[in-house]
Amino acid sequence: MQPISWLLSFTGFHRPDAWHERPVPGSPGIKRRRRTLTSPDDDDGNGDAKEVDKAQKSNSSFEEETAITKVLKSVDPSLLDDSPGGVNALTRKGTILMTMCSCLGFHALRLILRDAFFRSASSTRPNTLLKRKVAEHYLLSAIHAFGCSYFSLRKFLSGRWNSPVGSEAMLCFSLGYTSYTLCALKTQLLSDPLWALNELGNFVKIWSCLRAQGVGWVVPMLFSAEVPTAFLDTLRMLAEFGIQPSHIVWRMFLGAFTLSFVSVKAIALPAILGYFVLRPQDYPELHQPAFLPAKLAILARAFLNYLWLSIVARHWVPTRHFHPEGEYLISRREERLPRLREITPNMGQVIQHIRKAYNPMSLLFFSVLQGCYFVGPAAIPAILYALARRPKYRMAAGSVLAMLGIMAVWPMHMERPYRTASTPMAALLQKWLRERLLRYFSFKAIFEEPLQKDRRYMLAVMPHGVIPFASTCLSIALEKEGFVPNSIGADILFQIPLLRQLCRFGGLVPATPQSIKRALTWPYPNNVTFIVPGGIAEIFLMRPDLEQVFIKSRKGFVRLALQSGVDIVPVYGLGHTQLFTMLDKSSALGGFLMRMSRRFKVSLPLSYGRLGMPLVPYSKPIAALVGKPIRIEKAYSNPPEELVNDIHAQFIAELQRIFEKHKGIVPGYEHKQLYLEDEAVPPLQKDAMATDVLFPSSMPDPKGQVPRSRL
């Protein structure tokens, strides 16, 4: 960086000596912020003192700590620059932390937008998935552009354009969007060099502004470059509403975009920043070493803007440069993406869905479940650390550890059937939780034959999913008919304090041969036992575009049913693959997690649901398809292998039959197919975000035609 700094210093673009020789250390640019308070009518000889007081007052307000600075200081003072004048400047560690937090915030915002606006009957079709991802990215771009434009325009219209108030928050906001865009479109970094330079330059500019001292007054000017992007996003919205380019409204916004792009990005912003940079004595903060990357990034982006203007001037193709409908994402012209209004519900449906899905009590229920599964075990090291190193918290940590120990060894009475809540308060709580769970998933149950009270059943539910909610909801539905089902859960669930109590409260039984055989012998009302044969291996088969079950090699549950003489009922849970977004076994990391999960007999999927939380599912409809029972007339102490294979084949055939017959009951499943684990499945649809570009790189041909690879 030193040779570059010397060269730029020679040209006057970067003068570090002006920064080191600034008149007031820690208060850059104080000279220009002074104002003369004296007037011809008020010249009493104290004008100089008033001028100094005004300058000090202006400078103190300039260096006032922001809310973000106060929070970071309370978390870790090393996140802030402690040099003179670095009140709101962040260190490299602090900037990395803010990048991660704001990036996660934009990811959560994208998930909320997806859940609220892109829940249609055809949401699982490949073209609809492509369009949804394009629309999600454009919505995030619009939120960022309009937010930055509002910030800049408000500063300019209020006459306080050089005030740093709110600059740090907007820098963090923009840094989150830029970093998230780079992560989501990482495959474009090499395939589209101009787009990569543009986005990386924006990232470096914002990063450098957060690291620099006293440059908050420049931020409103820098964010004025987002005004043309706001007009561009408006043009995309008009295209989605079906407004043609020949319409007067389209032409008006197109003119606004062109005028703002040329006037702001091509003329005003470079000229004004050049004026400030070439006056190092008046604006020394623009010549500090931490701000040099920002100036280089601004220079590079200015060159890209001029290059883009030259491309547009020579080859004007609206669908190439604005991408109003996203056709550039697909390779074949006949695969047109649907309109946005075709895959989004109306506003009334959106409001109704948000009221149901984001109900505080529903989120609280799933958050408690998530906390018991993750936070509880993770808190044990913190408790042990407090006992060993923190005498102040030793009493509280010891009490919590003792309580967890008691809950871990408290007898659960697995040898007897589960009964419903014995006290009125517990029964009321249980009923309230179960009804809310059914409403959350809009649950439906289809029975080919009613279950009889004088027979015992093993209901084998597939697929597993991250959590088999279809089994839970079907168990609640059967309780309304007088049954009290037994549900088989992973043995690890009964090793975690508090979670084991919640599992038993829900009627779960450990997945051990002894516990399963015992549950299969219980009479009515406990004569129904749920089991999920796919297990951990089936979790990693989840894909949003198809259904796949792990059943060919799973014959143990058939053998247990024959040994106990109970009927086997195939059950298919429609909607399990839509409740979470997860990394399946087709990826290297997903395959590694599957092997580790099967080896340690604990599920370790990399998945998330609502708000990016691991165990909070999306509020999507699910249905349980209950097939015809496979009759087992007598118990076999040692069932023959031929009989096991025959019953197993009947189970697979019945599972496929009920899937094909009733798959249309859940929206989006009409065109899905069911695959077994050894069958070849089509490759996962390429992520549309991987080819989503907002900046042109390849030149159009001389005839003005768009390259076929971009259509």
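Reckoned from all heavy atoms, side chains included, excluding hydrogens, waters and symmetry mates.
- Ring geometry, H107 versus Y180: the interplanar angle falls from 30° to 60°, so the pair is classed tilted.
- I632 and A561 make their closest contact through CG2-O, 4.2 Å (heavy atoms, listed as atom of the first residue, atom of the second, distance).
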Check the pair E677 / R554 against salt bridge (Lys or Arg N to Asp or Glu O under 4.0 Å), numbers first and verdict last. CA-CA 11 Å; E677 72 268 22; R554 301 290 189 179; over 6 Å; no

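- For the 3.5 Å distance criterion, the side chains of S475 and T472 fail to qualify, holding no donor opposite an acceptor.
- In terms of heavy atoms, K663 sits closest to K672 at NZ-O, 2.8 Å.
- Proximity of P463 to Y572: side-chain heavy atoms (C-beta onward) are separated by under 4.5 Å at one or more points.
- Taken from CG in L387 to CE in M395, the straight-line distance is 10.5 Å, to the nearest 0.5 Å.
- Side-chain atoms of H648 come within 3.5 Å of backbone N or O of I551 as a donor-acceptor pair.
- N486 CG to L508 CG: the interatomic distance, rounded to the nearest 0.5 Å, is 9.5 Å.
- F592 CZ to L606 CG: the interatomic distance, rounded to the nearest 0.5 Å, is 12.0 Å.
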Walk me through whether L546 and Q673 qualify under side chain to side chain contact (heavy atoms under 4.5 Å, CB included). CA-CA 6 Å; L546 55 82; Q673 296 182 5; over 6 Å; no

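- Taking the charged nitrogens against the carboxylate oxygens, R657 and E660 have no contact shorter than 4.0 Å, which rules out a salt bridge.
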With ring pair (Phe, Tyr, Trp, His ring centres under 6.0 Å) as the test, would you mind laying out the steps for F469 and F443 before giving the verdict? CA-CA 10 Å; F469 284 111; F443 177 74; over 10 Å; no

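- Here NZ of K620 is found 10.0 Å from OH of Y440. Values are rounded to the nearest 0.5 Å.
- Looking only at distances, no side-chain donor or acceptor of R456 sits under 3.5 Å from a matching main-chain atom of T529.
- For M596, the CE atom counts as densely surrounded, since its 6.0 Å shell holds more than 12 non-hydrogen atoms of other residues, nucleotides or ligands.
- A pairwise comparison of heavy atoms in V666 and P621 identifies CG1-O, 3.8 Å as the closest pair.
- Screening R543, Q548, E547 for a side-chain hydrogen bond (donor to acceptor under 3.5 Å, both in side chains) involving T577 leaves a single residue, E547.
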Residues I665, K444; criterion side chain to side chain contact (heavy atoms under 4.5 Å, CB included); working and verdict: CA-CA 9 Å; I665 192 175; K444 298 178 181 179; 4.0 Å; yes

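- Contact annotation: the side chain of R110 never approaches that of F106 to less than 4.5 Å [non-hydrogen atoms, C-beta and beyond].
- In this structure, the side chains of L579 and V466 stay at 4.5 Å or more apart for every pair of heavy atoms.
- Closest approach of L451 and V569 over heavy atoms only: CD2-CG2, 4.5 Å.
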For a side chain to side chain contact (heavy atoms under 4.5 Å, CB included) check, start with the C-alpha distance between F441 and Y618, then their side-chain angles and the critical distance, and finish with the verdict. CA-CA 9 Å; F441 293 116; Y618 299 118; over 6 Å; no

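- Counting only distance, with no hydrogens or angles, the side chain of N645 and the backbone of E641 share a donor-acceptor pair below 3.5 Å.
- Nearest approach of M582 to I539, heavy atoms of both residues: SD-O, 3.3 Å.
- Distance check: Y457 OH to I630 CD1 gives 13.0 Å after rounding to the nearest 0.5 Å.
- Side-chain contact between N527 and R455 is absent, with no heavy atoms from C-beta onward closer than 4.5 Å.
- For the side-chain contact (heavy atoms from CB on, under 4.5 Å) with L676, the lone residue among L541, V549, V681, L655 that qualifies is V549.
- Here the side chain of S471 pairs no donor or acceptor atom with the backbone of P468 at under 3.5 angstrom.
- Across all non-hydrogen atoms, the minimal contact from L574 to Y669 is CD2-CD2, 3.6 Å.
- The side-chain contact (heavy atoms from CB on, under 4.5 Å) test with M458 is passed by exactly one of V558, L520, D567, I488: L520.
- The aromatic rings of Y524 and F483 lie perpendicular to each other, with more than 60° between the two planes, well past the 30° mark.
- When side chains are defined from C-beta on, L478 counts as touching F447, because their heavy atoms get closer than 4.5 Å.
- Defined by atom type and a distance below 3.5 Å, a donor-acceptor pair is missing between the side-chain atoms of E538 and H576.
- No side-chain N or O of Q563 forms a donor-acceptor pair with one of S637 less than 3.5 Å apart.
- Remark: K431 pairs with no residue by the salt bridge (charged side-chain N to carboxylate O under 4.0 Å, His left out) rule, at least two apart or across chains.
- A distance of 10.5 Å separates CD1 of I658 from CD1 of I446, quoted to the nearest 0.5 Å.
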Apply side chain to side chain contact (heavy atoms under 4.5 Å, CB included) to the pair M462 and F651, showing each step before the final yes or no. CA-CA 11 Å; M462 306 194 84; F651 177 86; 4.0 Å; yes

